[in-house]
Amino acid sequence: MDPMKVVILCGGKGTRSYPFTEYFPKVMMPVNGTPILVHLMRIYASQGFGDFILAGGHRREMLNDYFDGRFPNWKVRLERAFHGLCGAPPRRKCRAA
């Protein structure tokens, strides 16, 4: 059986968090020097998850740059968020992963 994947919605401009989100996505806002997203992923990893699909929107290239080779024990894949689906990638894309 394949390990369970975790899909995290990372889209949206974070207009209520402006001006902090002008230059980076809200999930990359640091808390104690570490992006919020990494804190969330560590919680999942502590429960045995290690396969993540990030549905990125606003400044998603920063997600790719940040996770490129940084966490070798995690499989992190970035998908483009779709506006008509509230940011979620189509279910068929998640199944194919």
Side-chain angles (χ1 to χ4, degrees):
M1 178 182 231
D2 289 332
M4 181 96 53
K5 294 171 179 46
V6 178
V7 177
I8 301 174
L9 303 179
C10 303
K13 292 185 178 182
T15 55
R16 290 180 298 228
S17 300
Y18 185 85
F20 304 108
T21 56
E22 183 176 2
Y23 300 106
F24 53 85
K26 62 187 168 206
V27 295
M28 296 302 287
M29 288 180 61
V31 173
N32 203 21
T34 303
I36 293 170
L37 179 60
V38 174
H39 287 291
L40 178 63
M41 293 169 78
R42 284 182 177 152
I43 292 169
Y44 280 110
S46 73
Q47 300 298 314
F49 296 96
D51 197 348
F52 299 96
I53 299 172
L54 306 179
H58 177 63
R59 301 200 180 269
R60 70 179 178 268
E61 67 280 354
M62 291 185 76
L63 296 171
N64 194 39
D65 292 343
Y66 185 85
F67 286 101
D68 188 28
R70 187 170 294 219
F71 298 97
N73 294 333
W74 295 351
K75 180 181 175 189
V76 180
R77 198 176 85 231
L78 185 63
E79 290 290 340
R80 185 171 63 92
F82 293 88
H83 294 287
L85 299 170
C86 299
R91 193 169 65 183
R92 69 181 177 279
K93 291 193 85 157
C94 293
R95 254 187 217 179

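Throughout, residue positions are numbered sequentially from 1 according to the sequence presented. Because the structure is predicted, anything quoted here is derived from the model rather than measured.
Rounding to the nearest 0.5 Å places CZ of F52 at 8.5 Å from CG of L37. Taking CE of M29 as the reference point, atom CD1 of I36 lies at 5.5 Å (rounded to 0.5 Å).
Just one residue in the list D51, I53, L54 forms a side chain to side chain contact (heavy atoms under 4.5 Å, CB included) with R77, and that residue is I53.
When side chains are defined from C-beta on, L63 counts as touching M28, because their heavy atoms get closer than 4.5 Å. Within the 4.5 Å cutoff, no side-chain heavy atoms of R70 are placed close to those of V76.
Under the 4.5 Å side-chain heavy-atom criterion for Ile, Leu, Val, Met, Phe, Trp and Tyr, V38 and V31 are members of the same hydrophobic cluster.
Aromatic ring orientation, F67 versus F71: tilted (interplanar angle from 30° to 60°).
By the side-chain contact (heavy atoms from CB on, under 4.5 Å) test, L40 is found to be paired with I8, Y44, residues two or more places apart in sequence or in another chain being considered.
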